[in-house]
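Keep in mind that the numbers below use all heavy atoms, side chains included, and drop hydrogens, waters and symmetry copies. Note that the structure is predicted; figures quoted are calculated from it, not measured.
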Amino acid sequence: MLAADFLVFSTIISAANSMEISVPKTLNTISGSCLLIPCQFEISKESEKYLNLSPVVTWRRATLWHFYDRESFTDAHRQMEPLINVVGDLRKKNCTSVMINLTSRHSDRYFFRFSAKDFAVISTKAVYIDVSVSIQMNTITITLSPLYILIDSLAEPYVIVPRLREGEVGNLTCTVPAPCPSNPPNVTWDPALGGITQWTQLNADGTQNVSAILNFVPSFHHHELKVNCVSMHLLDRQDKPLLSHKTVILNVEYPPKETQISLTGWLGNNVTLSCQSNANPPAVHRWFMKKEGIVEEVGASRVLSFTVTHNNSGEYICEAQNQHGAGNSTILQINVPGMSFTPFLAVLALFSLILCAIPIVLIYRR
């Protein structure tokens with residue numbers, strides 16, 4: 001603000017006392033929509049008589065400040081001002097207003113002005129109006145309940161939701177600003193994993209939000225699934241609505257599933273057993289061997305390597321476990337190579353002895 005402009009501004013205030021105004025510091029909306037400006041003001045007791053004298057209220061742009069109340073203020077300057085309707089009851093010192101058909105050219109600081117007859121006062125506090133051509137994704141927030149964790153993704157194109165647990169009801173809430181009360185956004189979830197409830201919330205500063213809550217029971221199939229919060233804004237003088245979305249990657253914790261053993265190696269008598277399981281968080285593994293009805297633990301890692309002997313031949317089972325539960329693999333039978341042919345070798349040895357004994361018998365008979 002120029003020094004001369006500030007002098008004029010200060011003169012008006014000092015001449016008509018001062019005004020205290022309560023407005024949000026910044027308000028955001030999208031081009032082609034409207035904007036509600038919650039506003040309350042206070043003036044001196046001596047000046048309250050003007051509230052019933054059909055006062056004129058306006059919002060003045062900071063960039064046009066030098067031209068107001070001067071002959072240099074032309075129709076071209078007036079066209080740079082947005083259309084504004086005061087919807088609040090001025091007699092109750094409610095200056096709530098609605099700006100209509102906003103475009104990005106209307107982004108500016110705005111000061112509230114109240115005048116009646118020879119009385120005029122302008123607020124010293126401004127509200128900054130930011131009109132974007134698209135929805136700012138950092139204004140969309142995701143809340144996970146019952147943990148009540150606010151998810152912030154100002155720098156990332158997606159959000160990784162903290163812990164959900166398989167089988168326990170989870171609630172994901174997406175909240176989108178509703179700057180234009182006459183055309184609130186439609187907020188939903190895609191895919192809709194369960195029931196969706198939508199409602200409008202009035203904030204403490206007078207602004208509004210529209211929230212959509214997704215109620216569902218997560219399973220391990222939902223782990224790392226991308227779910228989108230989608231908001232649809234209806235714009236003035238346009239057939240197509242403006243769509244925006246924020247992506248959430250689900251993080252579902254569940255006990256081990258699909259636990260199985262794979263066998264590799266077997267070079268000579270050396271074998272390597274690997275235990276694989278589907279679990280979140282990752283499972284820890286233990287190995288058990290059953291032999292002659294006795295079960296003993298033989299390892300505590302995902303991979304088990306050993307040389308097969310008669311002592312470690314038996315039935316092997318892998319157990320995968322995390323804090324949510326445990327799961328066992330099917331049985332894998334490990335035997336010493338050639339053990340299954342022992343009966344055959346015994347018969348063969350006996351047959352060889354018989355063959356060797358026949359010549360001796362023949363000689364004896366001679």
If you take all heavy atoms of [X] and [Y], which pair is closest and at what distance?
X      : Y      : answer
Ser47  : Phe119 : OG-CE1, 3.4 Å
Pro181 : Gln208 : CB-OE1, 4.3 Å
Val298 : Leu304 : O-CD1, 3.8 Å
Leu51  : Leu90  : CD2-O, 3.6 Å
Phe111 : Ala62  : CE1-CB, 4.1 Å
Ala320 : Pro256 : O-CG, 3.3 Å

Would you call [X] and [Y] a side-chain contact if the rule is heavy atoms closer than 4.5 Å?
X      : Y      : value
Phe288 : Asn328 : no
Phe306 : Val271 : yes
Val227 : Leu250 : yes
Leu263 : Tyr316 : no
Cys34  : Ser182 : yes
Trp59  : Ile129 : no
Leu27  : Thr207 : yes
Asn322 : Val284 : no

Is there a donor-acceptor contact under 3.5 Å linking the side chains of [X] and [Y]?
X      : Y      : result
Thr309 : Asn311 : no
Ser329 : Thr259 : no
Glu253 : His324 : yes
Asn335 : Ser313 : no
Ser305 : Thr272 : yes
Ser211 : Thr175 : yes

Run Arg60 and Glu81 through salt bridge (Lys or Arg N to Asp or Glu O under 4.0 Å) and show every step you take.
CA-CA 8 Å; Arg60 292 192 166 184; Glu81 295 182 309; over 6 Å; no
By side-chain contact (heavy atoms from CB on, under 4.5 Å) - contacts of Thr29 (at least two apart):
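Checked Thr29 against side-chain contact (heavy atoms from CB on, under 4.5 Å); matches are Ser33, Leu35, Leu102, Val131, Pro179.
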Quick one: pull up [atom1] in [X] and [atom2] in [Y] and give me the separation to the nearest 0.5 Å.
X      : Y      : atom1 : atom2 : value
His106 : Ser104 : NE2   : OG    : 9.0 Å
Asn186 : Asn183 : CG    : CG    : 12.0 Å
Cys318 : Ile331 : SG    : CD1   : 13.0 Å
Ser219 : Leu164 : OG    : CG    : 11.0 Å
Asn228 : Lys246 : CG    : NZ    : 12.0 Å
His66  : His77  : NE2   : NE2   : 9.0 Å

Under the 3.5 angstrom rule, does the side chain of [X] hit a backbone N or O of [Y] as a donor-acceptor pair?
X      : Y      : result
Ser97  : Cys95  : yes
Asn312 : Thr307 : yes
Gln40  : Ile21  : no
Asp89  : Arg91  : yes
Ser115 : Val56  : yes
Arg165 : Tyr254 : no
Gln201 : Asn209 : no
Asn280 : Val252 : yes
Trp189 : Ala212 : yes

Answer yes when Glu20 and Lys125 have at least one side-chain N-carboxylate O distance shorter than 4.0 Å, and no when they do not.
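No, this pair does not count.
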Set out, in order, the CA-CA distance, both residues' side-chain angles and the distance that settles side-chain contact (heavy atoms from CB on, under 4.5 Å) for Met19 and Ile122, then state yes or no.
CA-CA 7 Å; Met19 171 188 288; Ile122 300 177; over 6 Å; no
Do other residues, nucleotides or ligands put more than 12 heavy atoms under 6.0 Å from the NZ atom of Lys291?
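For Lys291, atom NZ is crowded (more than 12 foreign heavy atoms under 6.0 Å).
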Should the heavy atoms of other residues, nucleotides or ligands under 6.0 Å from CD of Gln198 be counted, would the total exceed 12?
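Yes, enclosed.
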Co-membership, hydrophobic cluster, residues [X] and [Y], 4.5 Å side-chain:
X      : Y      : answer
Val86  : Val127 : yes
Ile30  : Ile100 : no
Ile43  : Leu53  : yes
Tyr128 : Ile37  : no
Phe216 : Ile196 : yes

Pair Met80, Arg105 - check side-chain contact (heavy atoms from CB on, under 4.5 Å), show working.
CA-CA 8 Å; Met80 296 174 62; Arg105 294 177 299 176; over 6 Å; no
Passes side-chain contact (heavy atoms from CB on, under 4.5 Å), Ile317 versus Trp287? Steps please.
CA-CA 6 Å; Ile317 299 176; Trp287 293 92; over 6 Å; no
Would you say the rings of Phe114 and Phe41 are close, in the sense that their centroids are separated by under 6.0 Å?
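Ring centroids of Phe41 and Phe114 are less than 6.0 Å from each other.
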Please assess Gln333 against Lys290 for the test side-chain contact (heavy atoms from CB on, under 4.5 Å), listing each intermediate value before the final yes or no.
CA-CA 9 Å; Gln333 180 73 45; Lys290 181 178 181 181; over 6 Å; no
